[in-house]
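What follows is one structure encoded as structure tokens, with my remarks underneath.
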Amino acid sequence: MSTKPVLQIALPVPLPGCYDYLYSGSPAPAQGTRVQVPFGRRTLVGVVHGQTQSDYPKLKAVSAVLDDAPVFTAELYALCERAARYYHHPLGEVLNYALPALLRQGGDAQPSQEKRWRLTERGTHVSDEQVSRAPRQHQALQVLREHPKGLSSAMLNALDVASPALNALRDKGWAEHFVVENGPGISKEVLAEPPLAANGEQQQAIHAIQDAEGFTPFLLDGVTGSGKTEVYLQAMAPQLAAGKQVLVLVPEIGLTPQTVQRFRQRFAVPVTTLHSGLTDRERLDNWLAARDGKARIIIGTRSAIFTPLANPGLIIVDEAHDSSLKQQDGFRYHARDLATWRAQTLNIPVVLGSATPALETLQLARDQRFHWLKLSRRATEQQRPGIEILDATLAPPNQPLLPLSLQAIKQCVDNGNQALVFINRRGYAPMILCQDCGWQAECKRCDSFLTWHRAENNLRCHHCDSQQRVPSRCPSCGSSAIHEAGSGTEKLTELLEQSLPVPVIRIDRDATRRKGELDSKLKTIRQGDPAVLVGTQMLAKGHHFPKLALVVILDMDAGFLSADFRGPEQAAQLLLQVAGRSGREGQGRVLLQTRHPDHHLLQLAASGDYPALASALLEERRMAALPPFGHLALFRCEAMTLGKAMAFLQELAQQPVADGVNVLGPVPAPMEKRAGRYRAQLLLQASQRAPLHQTLERLLDAARQSPQSRQCRWHVDVDPIDML
DNA sequence: AGCACGCCGACT
DNA sequence: GTCGGCGTGCTC
Ligand SMILES: [Zn+2]
Ligand SMILES: [Zn+2]
């Protein structure tokens, strides 16, 4: 059997490894070039990985090479390879994920061309008399005279200039339809406005980042309102002046026009964004602009970490503790970690900014593997508001708000300010009960109870899409004594509306479902009239409310008491983030209602001493060999029965493991049934990454070969963010 | 993941 | 007799 030279192609299929294809042309396309290949009965767009020899008897040939040069920069390709290895995800799928949709589909890697009409040199000398017999051409001529830089066809149409007239002018050589050159916009001065005055700590941080040479990871640890953004802005200025690019990652919710505007206002360089709101075409254009160095500041969400960069100088990850940086399905990467890898490869600084750093990041700073830049002061204000703990067990029955809280809200709005009530629970009431037999409405497809949504008058499951009518009689005993218990945003809004003379604005997923609804509510809030805001997590992040003088937090308890080892950490982060909404201007007050006023961690968090809380949590993690002191990987599996899910994982658990790897489980997932499927998980724990990865590879092999895998949906999650 | 092939139950 | 259920196997 003869051996032939072949191209190794990475394909977007959930299979490990590359597939080999014959290719006769010369030279062979380089790594990172897209090709079209036959695969089974279909045709796929794949990416050239390399060249090798193959004696596979059924070799097929590449059907087309789609690019003249690789679409991936070498560095981005290497990042994808490393991520594929680390997260044990097929390379072809990772590469596919990194590409804009249009390139995935085989589209041209060319920016869209903006074409405009303008007068030619000859056209500018044409007199009105020469077109007096052609009124439409006359009009077109007049419009074009007023716009020497040219106008798009769409603009001209809007000005009542149609294409026949334009074509006629072109045929006479008076007008032309030309392609606009979006040049790199070379301007000597990158600063478009002077920087704000920075305080001492900000200065220090700015200089540290500016003076960094080569790979230097920073933790910018600054409380809310301490001016992290100003540090980012000033730290990046020299990079931009040197012609470099800066990549900025922000949480989904933080990528607002205001944020982008702040960068655009400061710097006279092209600023581009990458987020889910773009059309495929816009996304491709922005991606190419970054790759080709035309965009100089690239602001994006999680997936923007896969933006190719022509000349990178600095990477910034804002709100670096935010769990939205970890992809929760498919290719489960953590953009914060990839940002650090990337900076390392590129030999540039990376800044992780947070008021409440993830314990992983904090530990790196403690170990001096990250440079720790602290901003303790509020840049514009005095001290942070203390969080007052209120004992919620003293509330009257069925009253979500303590009298003290209600009184504080009243006083706040009486003073002409706004108050925020944070309750992380949508709907009217989270429980529907039978008074006689204790029955509670639960989801048929999940191990969870139904929430009463009064506006739509139905019961809904928050873990799947099922909903049902509110029963008038108990399905268990027939009693008509059905009542609700507990409160969500809806009931709280109603209650506040009844007791206060000011508008109550509800912000949660249900109340902002329609497009533009959120924006209009935010706008109303920013107008500053006295009001009470009621909201879920949606309100916790990103938004700045100048008139907010009081924050009342209603249900943080679940987080602090959560079975998940990250529960308290994430609850504290959320708590401090919500508390930080208050008192940005004018003094603020924060009240925390809890049924566990003596809970140690909660008290620490409420004292505002995040470092002390973090120390306590890190000590617990150390004792339990949990991250960052131990490393985790989680196999999750769901099947039509719990038995099938457990049996499959049991088979994996029986595989031999490397030294130092602990296999825990399998166990049924904390929510055993969800959306009609039964779930189980198998946890791997190790203090060293190498044996963990080795073991993962072995278990993955076993999983792919197991006939049981047919009846299961399963995946592996390296560094899982939550285990619930 | 797709997409085929293939073998058994209940239909026009 | 065929339509269609999903178990099984393969994709260079
Ligand atoms: Zn009953
Ligand atoms: Zn459900």
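To find a chain, count down the sequence lines: A is the first, B the second, and so on, and within it residues start at 1.
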Between A:Leu11 (CG) and B:dC3 (C1'), how many Å, whole number?
15 Å

For a salt bridge (Lys or Arg N to Asp or Glu O under 4.0 Å) with A:Glu638, tell me which candidate from A:Arg679, A:Arg677, A:Lys673 qualifies.
A:Arg677

Given the options A:Arg336, A:Gln577, A:His321, A:Ser354 meets side-chain hydrogen bond (donor to acceptor under 3.5 Å, both in side chains) only with A:His321

At 4.0 Å (heavy atoms only), tell me whether A:Phe39 reaches a base, stays on the sugar-phosphate, or touches nothing.
base

Counting only side-chain nitrogens and oxygens, does A:Lys60 get under 4.0 Å of the OP1 or OP2 atom of C:dC12?
yes

Please state how far atom CG in A:Leu44 lies from atom C1' in C:dT11, giving the value in whole angstrom units.
9 Å

Ring-on-base stacking between A:Tyr56 and C:dC12, under 5.5 Å between centres and under 30° between planes: is it there?
yes

Using a strict 4.0 Å threshold on nitrogen-to-oxygen distance, state whether A:Arg332 and A:Asp717 make a salt bridge.
yes

Which of A:Tyr87, A:Tyr86, A:Tyr333 passes side-chain hydrogen bond (donor to acceptor under 3.5 Å, both in side chains) with A:Asp719? Answer is A:Tyr86

Can you give me the N/O atom pairs linking the protein to nucleotides 5-9 of chain C at distances under 3.5 Å, or say none if there are none?
unit_1 : atom_1 : unit_2   : atom_2 : d
C:dG9  : N7     : A:Arg710 : NH2    : 2.6
C:dG9  : O6     : A:Arg710 : NH2    : 3.4

Whole-Å distance, A:Gln36 CD to C:dT11 P, equals 20 Å

Rounded to whole angstrom units, what separation is found between the OH atom of A:Tyr21 and the P atom of C:dT11?
10 Å

Those residues at least two apart in sequence (or on a different chain) that pass salt bridge (charged side-chain N to carboxylate O under 4.0 Å, His left out) with A:Glu569 are A:Arg621

Think A:Arg82 forms a cation-pi with A:Trp341, using NZ or CZ under 6.0 Å from the six-ring centre and within 45 degrees of its axis?
yes

Have a look at A:Arg41 and say if it touches a base, only the backbone sugar-phosphate, or nothing, with a 4.0 Å heavy-atom cut-off.
sugar-phosphate

Give the rounded distance in Å between these two atoms: OH of A:Tyr97 and C1' of B:dA1.
18 Å

Measure from OH on A:Tyr19 to P on B:dG2 and round the result to the nearest Å.
14 Å

So that I can tick it off, tell me whether A:Asp465 and A:Arg445 are bridged by a salt bridge, with the cut-off set at under 4.0 angstrom between side-chain N and carboxylate O.
yes

Round to a whole Å and report the spacing from CZ of A:Arg42 to C1' of B:dA1.
6 Å

Roughly how many Å is it from CZ in A:Arg704 to C1' in C:dC10, rounded to a whole number?
15 Å

Taking any heavy-atom pair under 4.0 Å as a contact, classify A:Leu15: base, sugar-phosphate, or nothing.
base

